[in-house]
Amino acid sequence: MPLPPSPPPPSATTTLLLLVSLSLLSFSTVSAVNSTVASLLRRAPPPTTSLCHQLIIPAGYSCSEHTVETKDGYLLALQRVSSSSSLDEIELRRRRHPVLLQHGLFMGGDAWFLNPEEQSLGFLLADRGFDVWVANVRGTRWSHGHVSLSDTSKEFWDWSWEELAMYDFPAMIEYIYRLTNSKVFLVGHSQGTIMSLAAFTQPDIVKMVEAAALLCPISYLEHVTAPFVLRMVNLHLDKMILAMGFHQLNFRSDMGIRLLDSLCDSHLDCDDILAALTGNNYYLNTSRAEYYLEYEPHATSVKNLNHLFQMIRKGTFARYDYGMLKNMRVYGSLKPPTFDLGLVPDSLPLWMAYGRKDDLADVADVERTINELPCKKELLYLDTYGHVDFLLGVTAKDDVYELMIEFFSSWGKSSSF
C-alpha cells in the first residue's frame with residue numbers, strides 16, 4: 001500500500017505566524033506592562049454619546065455636533081465650539097474665524113480639551129473669538145462608522161494616513177468652508193501635520209486653507225528615537241500583525257495590551273508608556289495621567305501603523321508601499337509616488353513649532369521639512385519641549401498658544417469665495 005503523500009512545507013506566512021505566536025508567548029512570560037497602566041487601558045472609555053456632551057458643554061461652552069461623509073463613505077464627527085465669555089453676539093460674529101483642530105495618532109478631538117479651560121487650546125481659541133471646529137478621523141471613538149461597512153470588517157480598516165489626508169481632511173475642510181463662507185485656519189499636531197502637509201500638495205484642498213499652525217510637524221520620520229517605536233520597527237511588528245490577520249490596532253483591547261506586554265521587558269521601561277511612545281515630556285501635569293487615559297488612546301488601523309513604519313525605514317514621504325507587483329498595478333511604478341512638498345503654494349502662511357526633546361518629530365527631520373517647503377514660515381523652536389508638551393503641557397499657553405493666536409490674528413481678515 002503506497003504511503004500517503006507528504007504534506008507541503010509550511011508557507012512563509014504560516015511560519016511567520018508560528019514565530020510571532022511563540023515570540024509573543026515567550027515575551028509575556030518575562031515582562032509586564034505596568035499594572036496600573038494596564039488596568040486603566042482595560043477600563044471602558046467614557047460613553048460615546050457625543051464629545052460635545054462629554055467634555056465641552058459641561059465646561060460651559062456652546063457646542064454642536066456635525067456629521068461629514070467622505071467620498072469613500074466614512075462618517076466623521078465634527079464639533080463646533082463657541083465661547084463661554086461675555087463677548088456680545090455682534091462682536092463674536094465680527095471676530096470669529098473658523099479654525100479646524102486636527103488631532104494626532106491614537107487620539108481624537110478630545111485631546112484639545114483635556115486640560116483645564118485656561119490651558120486647553122480648544123477652549124482658549126473659542127475664548128479669543130475663533131469659530132472652533134474639532135476633527136475626528138475615521139476609526140476614532142467619536143466618529144460614526146461607515147455608510148455600508150461594519151467597523152468589525154477588514155474592509156473598514158483598510159486605510160492609512162494617506163486616506164486621512166486625501167479623504168477625511170478635505171471632507172472636513174470643505175464642509176466648514178462652505179458652511180462659513182470663509183477659508184479655514186488649520187492647527188495640526190503630529191499625525192495631523194502629516195495629513196495636512198500631504199493635503200497641502202493638492203490645489204483643490206489647499207485653496208480652502210487661510211493659514212496653518214503645525215505642532216511637531218512631520219513629513220519625514222527617518223530620525224525617530226522613541227524607544228517603543230524603534231523596538232516595534234526593528235521587530236517588524238506592523239508586518240507581523242498584518243500577517244496574523246489583524247486590521248484594527250486598539251491598545252484598549254486584550255490584543256493591544258498583550259502587544260504592549262510583549263514589548264515591555266527589562267530592556268524597555270514601560271512604566272511611563274507615554275514616554276516610551278513619544279520620548280520624555282517635561283511639562284505634563286502628571287497628576288492628570290489617569291484622566292488622560294480615560295480618553296486616550298483611540299484606535300487606528302494596522303495599515304496606518306505599517307505606513308508610518310515605512311516612513312521610518314525608508315526615510316521617505318510617500319504613498320503606501322504595497323510591494324513592487326501591486327505598486328505596478330496601483331501606481332504604474334515599482335515604488336510608490338512621493339508627496340512633493342515643493343507643491344505646497346508659496347502663498348500659504350505656515351507657523352511651525354517643534355522641540356529638541358521630541359523623539360518622534362526629530363529636529364533633523366523637521367528641518368528637512370522646513371527646507372523643502374517653499375512657502376513663508378514662522379518658526380518656534382523650544383529647547384526643552386517634548387512631543388506631547390505642545391498639546392498637553394501646562395506651560396504651552398504662554399510658550400506656544402499665545403504666539404500661535406498672534407500669528408492667526410495677523411491673518412484674521414475673513415476670506416470669502
Side-chain angles (χ1 to χ4, degrees), residues 97-104 121 124-125 128 130 135 161 165 169-170 173 183-224 311 315-318 338-391 393 396-413 415:
H97 192 112
V99 54
L100 176 65
L101 305 180
Q102 179 56 68
H103 62 80
L121 181 60
L124 288 168
L125 287 169
R128 298 297 179 89
F130 289 90
W161 60 258
F169 185 86
I173 285 283
K183 287 188 176 183
V184 181
F185 289 142
L186 183 281
V187 180
H189 175 251
S190 191
Q191 181 181 262
T193 70
I194 301 177
M195 294 168 54
S196 302
L197 289 167
F200 292 164
T201 66
Q202 309 299 307
D204 289 346
I205 302 173
V206 73
K207 72 179 183 182
M208 297 180 281
V209 179
E210 179 79 18
L214 306 180
L215 302 172
C216 313
I218 295 172
S219 64
Y220 296 102
L221 286 169
E222 188 175 5
H223 295 91
V224 164
M311 295 171 69
T316 57
F317 184 37
T338 60
F339 287 98
D340 182 1
L341 292 176
L343 296 177
V344 177
D346 58 12
S347 58
L348 177 68
L350 285 183
W351 185 92
M352 304 171 75
Y354 61 110
R356 186 171 70 89
K357 301 294 187 179
D358 192 334
D359 285 0
L360 290 179
D362 184 86
V363 170
D365 291 327
V366 174
E367 290 180 346
R368 180 181 176 187
T369 299
I370 291 168
N371 291 334
E372 291 186 13
L373 286 165
C375 52
K376 180 181 178 182
K377 300 167 286 289
E378 292 188 25
L379 305 177
L380 174 65
Y381 171 76
L382 295 174
D383 194 60
T384 58
Y385 265 54
H387 195 73
V388 186
D389 289 326
F390 287 93
L391 180 69
K397 175 183 181 293
D398 294 327
D399 293 343
V400 182
Y401 302 156
E402 292 292 349
L403 296 170
M404 178 197 298
I405 290 169
E406 183 180 329
F407 166 76
F408 281 145
S409 296
S410 69
W411 296 93
K413 185 178 291 186
S415 298

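For T369, the side-chain hydrogen bond (donor to acceptor under 3.5 Å, both in side chains) test picks out S219, with sequence neighbours left out. With sequence neighbours excluded, the residues forming a ring pair (Phe, Tyr, Trp, His ring centres under 6.0 Å) with H387 are H189, listed by chain and number.
Here the closest heavy-atom approach between residue A353 and residue P217 is recorded as O-CD, 3.3 Å. Contact record, V206 with P345: CG1-CG, 3.6 Å, taken as the closest heavy-atom pair. Between V187 and M404, the shortest heavy-atom distance links the atoms CG2-SD, 3.8 Å. In terms of heavy atoms, C375 sits closest to V344 at SG-CG1, 4.1 Å. Across all their heavy atoms, S410 and F407 have their closest contact at OG-O, 2.5 Å. Nearest heavy atoms, A211 versus L348: CA-CD1, 4.2 Å.
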Quick one, L373 with M352, criterion side chain to side chain contact (heavy atoms under 4.5 Å, CB included). Give me CA distance, side-chain angles, the key distance, then yes/no.
CA-CA 12 Å; L373 286 165; M352 304 171 75; 4.0 Å; yes
Using the rule given for side chain to side chain contact (heavy atoms under 4.5 Å, CB included), can you reason through F200 versus F169, listing the C-alpha separation, both sets of side-chain angles and the distance that settles it, and then say yes or no?
CA-CA 10 Å; F200 292 164; F169 185 86; 4.0 Å; yes
Could you go through the side chain to side chain contact (heavy atoms under 4.5 Å, CB included) check for I218 and S190 one step at a time?
CA-CA 6 Å; I218 295 172; S190 191; 4.0 Å; yes
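Side-chain N or O atoms of T201 include none that pairs as donor or acceptor with a backbone N or O of D340 at under 3.5 Å. A distance-only check finds no donor-acceptor pair linking the side chain of H223 to the backbone of G315 [under 3.5 Å].
Between the CD1 atom of I370 and the CG atom of D365 there is a distance of 11.0 Å, given to the nearest 0.5 Å. In this structure, CZ on F317 lies 11.0 Å from CZ on R368, to the nearest 0.5 angstrom. In this structure, H103 NE2 and M195 CE are separated by 7.0 Å, a value rounded to the nearest 0.5 Å. Interatomic distance, OH of Y385 versus CG of L380, reported as 8.5 Å (0.5 Å rounding). Here W351 contributes atom CH2 and L186 contributes atom CG; the two are 13.0 Å apart, rounded to the nearest 0.5 Å. Between the NZ atom in K357 and the CG atom in L382 there is a gap of 12.5 Å [rounded to 0.5 Å].
Taking 4.0 Å as the cut-off between side-chain N and carboxylate O, R128 and E406 do not count as a salt-bridged pair.
Note: W411 and F130 fail the aromatic proximity criterion, with ring centroids not under 6.0 Å apart.
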